Amino acid sequence: MKLRGDYTQAGSDYCVDQSWVDYTVDQHTLWSRLFSRQLQLVKTFGAPQFLVGLESLEIASSIPRFEETNRILQGLTGWKVIGVPGLIPELQFFAHLAERRFPVTVWLRTPAEMDYLVEPDIFHDFFGHVPLLCDPIFADFMQAYGVAGRKAQDAGGLKMLARLYWYTVEFGLIRAGDALRAYGAGILSSAGETRYCIESPLPTRINFNLERVMCTDYFINDYQKTYFVIDSFEQLFRDAYGRDFTPIYAAHHWKPGYEPGVTLPGDMLST
Ligand code: HBI
Ligand code: FE
């Protein structure tokens with residue numbers, strides 16, 4: 001895939017300056033439209049922890065400045081965001097997470113892409129991911145994920161670990177009282193999927209199980225057919241923090257993945 005960002009200015013860690021002053025008025029306006037549309041939706045369908053984080057970040061009508069975000073994040077959880085040109089190689093991505101740095105793409109989509117784009121842009125990366133970095137437990141889980149990533153390659157586990165990211169950080173659902181709420185960034189940065197993941201009768205919603213998730217394939221070009229539901233961020237943290245995934249990789253990595261959308265014996269469905 002040909003990537004859209006400008007990688008010529010990136011160092012070996014793939015960091016670039018945000019160059020906030022170079023965003024145009026039209027880009028700030030587009031951000032503001034995306035932000036207000038999504039804010040309404042996440043108030044109804046987003047996880048409470050996401051809403052708390054969003055509020056602490058004090059973002060609103062213009063594209064956020066990373067320096068200001070970092071002042072807030074540093075005080076809350078010690079995380080920071082760094083600018084990147086777009087997708088970066090997995091190992092560099094993991095290395096940043098392991099050091100509590102979250103890579104955020106610096107460019108914004110075009111108005112024609114309000115509803116859908118292929119690569120992550122600043123709206124997906126920032127609006128979708130950064131609010132939960134304000135949550136202490138989720139923040140620790142993200143770091144643990146980065147640490148696990150650094151070890152996964154030698155253990156043949158990269159694919160299984162990427163599935164964990166997909167079904168939690170990108171497309172995770174969480175229980176909030178009697179209701180289901182979205183916490184995944186891929187959901188919460190998409191107007192269509194924010195409603196669909198909670199309200200549609202089509203997808204299968206299965207209680208989170210680490211091995212089940214690590215063995216489930218995913219596709220990137222449509223709404224998900226399967227979501228996994230956690231009870232709390234503590235559950236994610238317990239499953240991932242400081243844990244050695246090597247035996248899980250060894251047991252499964254050579255098998256074909258389960259198809260999204262299917263229900264297996266042992267799956268606990270959520271309603
Ligand atoms: N790079 N900028 C960026 N953002 C991502 O979410 C990202 C990435 N590189 C690799 C990657 N994600 C995946 O490998 C995840 O499975 C970790
Ligand atoms: Fe993402």
Side-chain angles (χ1 to χ4, degrees), residues 1-7 9-18 34 38 42 46-47 50 53 66 79-109 113 116-133 138-139 141-153 155-172 182-190 193-194 197 210 213-221 223-224 227-228 236 240 245 249 253 257:
M1 183 168 91
K2 168 96 178 65
L3 295 172
R4 167 158 156 188
D6 175 10
Y7 288 77
Q9 304 306 311
S12 58
D13 58 1
Y14 284 85
C15 291
V16 294
D17 252 5
Q18 187 189 13
L34 285 161
Q38 216 47 33
V42 302
F50 180 88
F66 293 171
W79 273 77
K80 66 187 288 195
V81 298
I82 50 168
V84 288
L87 288 171
I88 66 175
E90 251 168 353
L91 292 180
Q92 272 89 1
F93 185 71
F94 296 140
H96 286 304
L97 297 186
E99 302 291 335
R100 291 174 103 84
R101 293 188 297 262
F102 191 79
V104 173
T105 300
V106 293
W107 54 265
L108 181 67
R109 66 190 70 187
E113 295 166 312
Y116 181 75
L117 81 172
V118 182
E119 293 172 60
D121 71 337
I122 187 173
F123 187 74
H124 166 82
D125 281 341
F126 197 103
F127 184 91
H129 287 285
V130 182
L132 283 184
L133 297 176
F138 193 85
F141 166 73
M142 285 293 275
Q143 181 180 21
Y145 184 88
V147 172
R150 290 199 289 209
K151 302 185 206 147
Q153 189 168 46
L158 279 180
K159 187 167 171 181
M160 291 178 66
L161 196 67
R163 291 172 178 149
L164 175 63
Y165 193 87
W166 189 262
Y167 284 115
T168 59
V169 178
E170 294 294 353
F171 291 96
Y183 69 91
I187 299 172
L188 293 172
S189 58
S190 153
E193 193 151 359
T194 300
C197 74
L210 184 76
V213 168
M214 284 190 161
C215 292
T216 306
D217 281 333
Y218 58 86
F219 48 88
I220 61 170
N221 52 358
Y223 296 164
Q224 301 302 304
Y227 297 97
F228 289 95
L236 273 189
F245 293 136
Y249 301 150
H253 76 97

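We count ligands from 1, going down the list as the structure has it; atoms in each ligand are counted the same way. Values in this document were obtained by computation on a predicted structure and should not be read as measured data.
Using a 30° and 60° split on the angle between ring planes, Phe228 and Tyr167 fall in the perpendicular class, above 60°. Ring geometry for Phe127 against Phe123 counts as parallel: the plane angle stays under 30°, on a 0 to 90° scale with 60° as the upper cut.
The distance from atom CZ of Arg109 to atom CD of Glu119, rounded to the nearest 0.5 Å, is 11.5 Å.
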Can you give me every donor-acceptor pair (side chain of residues 83-96, partner residue at least two apart or in another chain, under 3.5 Å) with its distance?
from, atom 1, to, atom 2, distance (Å)
His96, ND1, Arg101, NE, 3.0
His96, ND1, Arg101, NH2, 3.4
His96, NE2, Asp13, O, 2.8

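Closest N/O/S atom of His129 to the Fe ion (ligand 2): NE2. Of all the N, O or S atoms in Glu170, the one closest to the Fe ion (ligand 2) is OE2.
Within the structure, the salt bridge (Lys or Arg N to Asp or Glu O under 4.0 Å) test picks out the following pairs touching residues 156-166 (sequence neighbours left out): Arg163-Asp217.
For the residue pair Thr194/Gln38, the side-chain donor-acceptor check at 3.5 Å is satisfied.
A search for side-chain contact (heavy atoms from CB on, under 4.5 Å) contacts involving Ala139 returns Thr77, Trp79, Arg100, not counting sequence neighbours.
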N/O to N/O under 3.5 Å, ligand 1 against protein:
from, atom 1, to, atom 2, distance (Å)
ligand 1, 1 (N), Ile88, N, 3.0
ligand 1, 2 (N), Gly86, O, 3.0
ligand 1, 9 (N), Ile88, O, 2.7
ligand 1, 14 (O), Glu90, OE2, 3.1

